[in-house]
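Here's the structure we're looking at; comments come further down.
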Amino acid sequence: MTPTTARTTRGRVTIAVLIIVAVVSVFCVRLVDIQIVQADSLNATSLASRSDSTVTLGTRGNIVDANGVVLATSILRYAIEADPSAVAEFDRPAADGSGDVKVSAQQAIGELASVMGLDPAVITAIVTADPTSRYAQISKSVDVSTYNKIRALDIPWLYYKADQSRTYPDGSVAGNLVGFVGADGSALAGTELTQDSCLAGSDGSEVTETGEDGVAIPGSTVTLKKAVDGGTVKLTINSDLQYFAQEALAQRVTEVGAESGTVVVTEAKTGKILTAAEYPTVDPNNIDATDPAYRGAKVFSDPFEPGSTFKSITAASLIDAGAATPASQVLAPYEYKSGNAVIHDSFYHAPMPWTLTGVIEQSSNTGISMLSNNMSVDQRWDYMNKFHLGKPTEVGFVGEDSGDILPGGVSGPTQLDDQTIYNTTFGQGLTVTAVQMASAYQAIANNGVRMPVQLFEGCQHEDGTVTDAPAASTGEQVVSPQAAQDTVHMMESVATTGYAADALKIPGYRVSAKTGTAEMSNGDGAYGGAYLTSMAGMAPSDDPQYVVSVTIRKPVTITSGLAAAPVFQKVLSQVLKTYRVQPSTVPAPDLPTTY
């Protein structure tokens, strides 16, 4: 080989080596890029192309009563879906284990139709409407039992999607309090909405690798995000008592041709709501069957002029302020004029020598108006504020109204006209909600101590912890124990010698009550002859344990407190029986009603 040839050969070898090195370098760089730099991205893309992602449902929590009775719960439902493009004959393991058997598409459709209770022609029409489609829905929702039977058919071109459905086992019992959710599961009313932050679950997700045939690879499922179930909301109500009150109320509203009614029962020592019944009321399982006006909780959202049941609040305030005693005297006329105000009693009578007890028993508007002159207007409104009137309760229920003790937008009581100032002594010219009224009577029943109104015990989570429980409270002393006890005893005369006495007797128990009849405003400040009748009270009078407050709106056949009295008596009797309250052992004090 000549030197020139050798040099040429070496040059070619060198070039070849350089080319090889360059090529190898490119491959190395590319390999590093693929295996290191882009590894995560490529792995994710690869996994996505051969995996199925699934949402795992976080179950919405239950709503239960004080005894754990379930009032709202979630159940699983399943959508049954098909891949029309894959509808064909398939192999299925024989029942006797002898191998696979061929199953035709029509046979599979027949089996599916039998399980679902459908005509096979219906399913055939669904899956053949567009044979090239990858999706067709056979059923939007089937129960777990049906779903399990369908899965057992092992039809490869069927798919399933789990969803939740809300159900209310007791139907309309406490429906006004429980509320309801929409078709998409979103909270729309009642406790469902008020306590949504507790009840709502949090969905999770998982991914499963699949083979080329789309079948899941066993053991390949990975949880990306764990589903979290919602908490359980415990109410203070007794669902059995709620049912009883709803039935008694519905019967009476129908009997007197009324528009609607409410019953609120509270525990005197704690402020807990044991019953908040309404009629009409909503069945959360079928909200469309209920007029939209009655799909909420009117006990919280619908303020009204309470009428004469408010006289007990005025009397307790007068006694606490030292402005009156149960024996305070007033010569009460049928008509009383003061300034620009003109007050009438509900029945004509000559001037009557009544004590404050007699004024309560006879429900005299003129008598309570005249005695209220012993206390300043500002003082009376201070007491209304202490009774927590004119402001929402501590429950914080969705749609709750605060009521209005200063109507017309005025900033203080002294700006009110003379008529309104007097009218408010007997429950006209101001508004309260049913729960507020029951709360005021709870304070009187509890030796003058108002306890925060309580409907929710708290939110219990999966691990047993409880959050959002009401803070412990010793309550607020609204009036003195003596003023409260005097008021309770004065109200006993209504149940013993008042016009509704016969309808209020409960054998073995001393009962205190106050009737009310308020003419209702037609909305523009005028009063058109419609009435709201009411009754509120407590028992046993010697040591009040429970408060019951009843309202009946726009009765036709009876427009006095007698419209509400039978409901009050029935519900209070049932409450005393349910909680095994000991009968009264101390006789009622003999308070004079006249002088």
Side-chain angles (χ1 to χ4, degrees), residues 266 268-269 308-330 332 352-364 367-368 371-372 374-375 383 387 425-426 437-438 440-450 477-516 535-549 561 565 568-569 572 575-576 581-595:
T266 60
K269 309 300 183 186
S308 292
T309 51
F310 202 84
K311 287 172 182 166
S312 300
I313 296 171
T314 302
S317 302
L318 286 167
I319 295 172
D320 185 72
T325 70
S328 290
Q329 301 174 356
V330 60
M352 294 296 296
W354 283 322
T355 63
L356 177 54
T357 302
V359 166
I360 295 297
E361 180 197 83
Q362 296 298 319
S363 202
S364 172
I368 199 71
L371 287 170
S372 73
N374 297 335
M375 186 166 58
Y383 277 106
F387 276 107
T425 66
F426 51 87
M437 201 62 187
Y441 269 68
Q442 174 274 316
I444 294 172
N446 191 34
N447 286 317
V449 177
R450 180 188 177 274
Q477 193 79 48
V478 177
V479 296
S480 68
Q482 189 62 55
Q485 290 166 19
D486 284 347
T487 304
V488 170
H489 295 153
M490 286 192 297
M491 290 166 60
E492 275 196 84
S493 66
V494 176
T496 54
T497 56
Y499 75 88
D502 290 341
L504 297 178
K505 288 180 169 46
I506 301 177
Y509 295 92
R510 288 168 51 190
V511 176
S512 296
K514 182 70 192 79
T515 56
M535 179 159 286
M538 62 284 290
S541 303
D542 41 324
D543 183 17
Q545 300 294 314
Y546 298 97
V547 169
V548 174
S549 179
F568 176 88
Q569 194 271 350
L572 184 54
V575 170
L576 297 171
V581 177
Q582 293 296 312
S584 299
T585 57
V586 180
D590 184 17
L591 298 179
T593 57
T594 59
Y595 62 93

Using modelled atom types and a 3.5 Å cut-off, is there a donor and acceptor pairing between side-chain atoms of Y509 and backbone atoms of V581?
yes

Closest approach of A324 and S328, non-hydrogen atoms and distance?
CA-OG, 3.3 Å

E492 side chain reached by P589 side chain, heavy atoms, under 4.5 Å:
yes

Straight-line distance of M491 CE to T309 OG1, nearest 0.5 Å
9.0 Å

At what distance, to the nearest 0.5 angstrom, does CD of Q569 lie from CE of M535?
10.5 Å

Could you check if a side-chain atom of Q545 sits within less than 4.5 angstrom of a side-chain atom of L576, using non-hydrogen atoms only?
no

Between the main-chain N or O of G448 and the side-chain N or O of Q485, is there a donor-acceptor pair closer than 3.5 Å?
no

Could you state the interatomic distance from CD1 (I506) to CG (L572), rounded to the nearest 0.5 Å?
4.0 Å

Value rounded to 0.5 Å, distance of CG in D320 from CD in Q482
10.5 Å

Could you tell me the separation between the OG1 atom of T496 and the CD atom of E361, rounded to the nearest 0.5 Å?
6.5 Å

Checking the side chain of Y441 only, and the main-chain atoms of S312 only, is there a donor and an acceptor separated by less than 3.5 Å?
no

Test side chain to side chain contact (heavy atoms under 4.5 Å, CB included), reference H489, set D542, T357, D590, L591, output is L591

Nearest heavy-atom neighbours spanning L318 and S372:
CD2-CA, 4.0 Å

Is there a donor-acceptor contact under 3.5 Å linking the side chains of T314 and T425?
no

When rounded to the nearest 0.5 angstrom, what distance separates NZ in K311 from CG in L371?
11.5 Å

Results of salt bridge (charged side-chain N to carboxylate O under 4.0 Å, His left out) for D543 - residues two or more places apart only:
K269

Counterpart residues, ring pair (Phe, Tyr, Trp, His ring centres under 6.0 Å), relative to F310 (two or more places apart)
none

Taking all non-hydrogen atoms of both residues, which atom of P544 and which atom of V488 are closest, and how far apart?
CG-CG1, 4.2 Å

Could you report the tightest heavy-atom contact between N374 and A323, atom names first, then the distance?
ND2-O, 3.2 Å

Non-hydrogen atoms of V479 and A316 that approach each other most closely:
CG1-O, 3.9 Å

With L356 as reference, evaluate T593, I319, T325 under the side chain to side chain contact (heavy atoms under 4.5 Å, CB included) test and give the passing residue.
I319

Main chain of P592, side chain of T355: is a donor-acceptor contact present, judged purely on distance under 3.5 Å?
yes

Minimal non-hydrogen separation, V494 against I360, with atom names
CG2-O, 3.7 Å

Expected output: side-chain R510 to main-chain P587 donor-acceptor under 3.5 Å
yes

Donor-acceptor under 3.5 Å (Q442 side chain, A268 main chain):
yes

Under 3.5 Å, is there a donor on one side chain and an acceptor on the other for K514 and S363?
yes

